[in-house]
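Data block below; observations after.
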Amino acid sequence: MGAASAQSLTKTATFGAGCYWGTEKYFKSDFGSKMFLGSGKVVSGQVGFMGPSTAKANPTYKEVCTGQTQHVEVYNLKFDGDEKTYEDLVKHFFMFHDPTTLNQQGNDMGTQYASAIFCSDQKQMEIANRVKDELQGYLSQGRVPSYKGSHITTAITPATTFYPAQEDHQAYLDKNPRGYCNHFYRFTHWPSK
C-alpha cells in the first residue's frame with residue numbers, strides 16, 4: 001500500500017464492545033503500549049453513543065439504557081497511524097470482548113451493549129469486514145476457544161453522528177479504578193495464518 005492509500009484513511013475509529021467504560025480503558029491503556037506495540041497509538045477519545053441516522057439526536061444515558069433509542073455505547077477515538085494501525089485496532093477490539101453474544105457482554109444485556117464497528121470510510125469498512133471474516137474462520141476452526149458462541153455477531157456499519165456521554169462518564173475507570181468493568185482478554189495474541 002502506498003502513501004496515498006494510507007493518507008485516505010480517516011484517523012477516527014468508533015467501537016461498541018459492551019459497556020463503554022471498559023472499551024475506553026482497553027483502547028486507551030493497552031493499545032500501542034501493552035498490545036500491538038509499535039502499531040500506532042490512540043491519541044484521544046470519548047465515550048458516548050452512536051446509532052442509525054434515524055435515531056434520536058442527543059440521547060441521554062438514561063434514554064439509551066432503555067434500549068428504545070437504537071444507540072450503542074461506543075468509544076470514539078482518534079489515532080496516529082495508518083491502515084495497518086486501523087487493522088490492529090479492529091483486532092484488539094475483538095480480543096477484549098465477546099463478539100458472539102448478541103447485544104450482551106457478560107451481565108450487561110440490551111441493544112446498547114451490541115458489538116459494533118462504525119466505519120468512517122470505505123477503507124475502514126473493507127478492513128473491518130476482512131478482520132471479522134478472518135476471525136470467523138479461526139473461530140470455525142476451533143482456534144479461538146474463548147468465546148461463548150460460534151458465530152461473530154458484530155455489526156459493521158457506516159458511522160453516523162457521535163454523541164458524547166456526560167462528563168462524569170468520560171475516563172470513568174481512570175477516576176474510579178475499582179469501578180465496574182466486565183471486559184477481559186479472551187486471547188492475547190492474534191492467531192497466525
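Not measured: the values here are computed from a predicted model.
A donor-acceptor contact closer than 3.5 angstrom links the side chains of Y20 and H169. No hydrogens or angles considered: nothing links the side chains of N103 and T111 as a donor-acceptor pair under 3.5 Å. When only modelled atom types and interatomic distance are considered, D121 and Y86 share no side-chain donor-acceptor pair under 3.5 Å.
Checked against a 6.0 Å centroid threshold, the rings of Y185 and Y26 count as neighbours.
In the hydrophobic clustering of this structure, Y180 groups with V64; members are Ile, Leu, Val, Met, Phe, Trp, Tyr whose side-chain heavy atoms approach within less than 4.5 Å, directly or through other members. Residues L135 and M125 fall within the same hydrophobic cluster, defined by Ile, Leu, Val, Met, Phe, Trp and Tyr side chains chained together at heavy-atom separations under 4.5 Å. Connection of Y113 to V74 is not established within any shared hydrophobic cluster, with ILVMFWY side chains joined at heavy-atom distances below 4.5 Å, either directly or through further cluster members. When the side chains of ILVMFWY residues are joined at heavy-atom separations under 4.5 Å, either directly or via intervening members, I117 and F31 end up in a single hydrophobic cluster.
Remark: K132 NZ to L139 CG distance equals 12.0 Å, nearest 0.5 Å. From L77, atom CG reaches atom OG1 of T14 across 7.0 Å, with rounding to the nearest 0.5 Å. To the nearest 0.5 Å, atom NZ of residue K25 and atom NE2 of residue H183 are 10.0 Å apart. Atoms SG and CG, on C181 and N176 in that order, are 12.0 Å from each other to the nearest 0.5 Å. One finds the CD atom of Q170 at 6.5 Å from the CD atom of E24 (value rounded to the nearest 0.5 Å). A distance of 7.5 Å separates SG of C19 from CG of L173, quoted to the nearest 0.5 Å.
Using a 4.5 Å cut-off on side-chain heavy atoms (C-beta onward), R186 and D98 make contact. Between Q104 and M109 there is a side-chain heavy-atom pair separated by less than 4.5 Å. A 4.5 Å side-chain heavy-atom check between H151 and Q136 finds at least one atom pair inside the cut-off. Residues V72 and F118 form a side-chain contact, since some pair of their non-hydrogen atoms from C-beta on lies under 4.5 Å apart. D80 is not listed as a side-chain neighbour of T85, based on a closest heavy-atom distance of 4.5 Å or more. Looking only at side-chain heavy atoms (C-beta outward), W190 and V131 come within less than 4.5 Å of each other. Side-chain contact check for M95 versus S146: every heavy-atom pair is 4.5 Å or farther apart. By the 4.5 Å heavy-atom criterion applied to side chains, K193 and E134 are counted as neighbours.
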Report task. I would like to know whether D168 and Y61 meet side-chain hydrogen bond (donor to acceptor under 3.5 Å, both in side chains); could you show each step before the answer? Result -> CA-CA 11 Å; D168 63 325; Y61 177 72; over 6 Å; no
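Nearest approach of P191 to Y138, heavy atoms of both residues: O-OH, 3.4 Å. Taking both residues in full, the closest heavy atoms of P145 and G142 are given as CD-O, 4.3 Å, listed atom of the first, atom of the second, then distance. Here the shortest heavy-atom pairing between G18 and T23 reads O-OG1, 4.1 Å. Closest of all the heavy-atom pairs between T12 and F79 is N-CE2, 3.9 Å. What you find for H189 and F187 is that their closest heavy atoms are O-CD1, 3.4 Å. Taking all atoms of both residues into account, the shortest heavy-atom contact from G16 to F93 is O-CE1, 3.3 Å.
Residue K175 qualifies as enclosed at atom NZ: its count of foreign heavy atoms under 6.0 Å is above 12. Other residues, nucleotides and ligands contribute more than 12 heavy atoms inside 6.0 Å of the NZ atom of K28.
With Q124 contributing its side chain and S120 its backbone, the two residues share a donor-acceptor pair below 3.5 Å. Looking at S115, its side chain never comes within 3.5 Å of a backbone N or O of A17 through a donor-acceptor pair. Side-chain atoms of K11 come within 3.5 Å of backbone atoms of G81 as a donor-acceptor pair (strictly under, hydrogens ignored).
Note on K91 versus E87: salt bridge recorded, some NZ/NE/NH1/NH2 to OD/OE distance being below 4.0 Å.
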Name the atoms and distances for all side-chain donor-acceptor pairs under 3.5 Å in residues 36-54, with sequence neighbours left out.
unit_1, atom_1, unit_2, atom_2, d
S39, OG, D88, OD2, 2.6

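Screening F162, F94, F27, Y75 against F15 for a ring-ring contact (aromatic ring centres under 6.0 Å, His included) leaves a single residue, F27.
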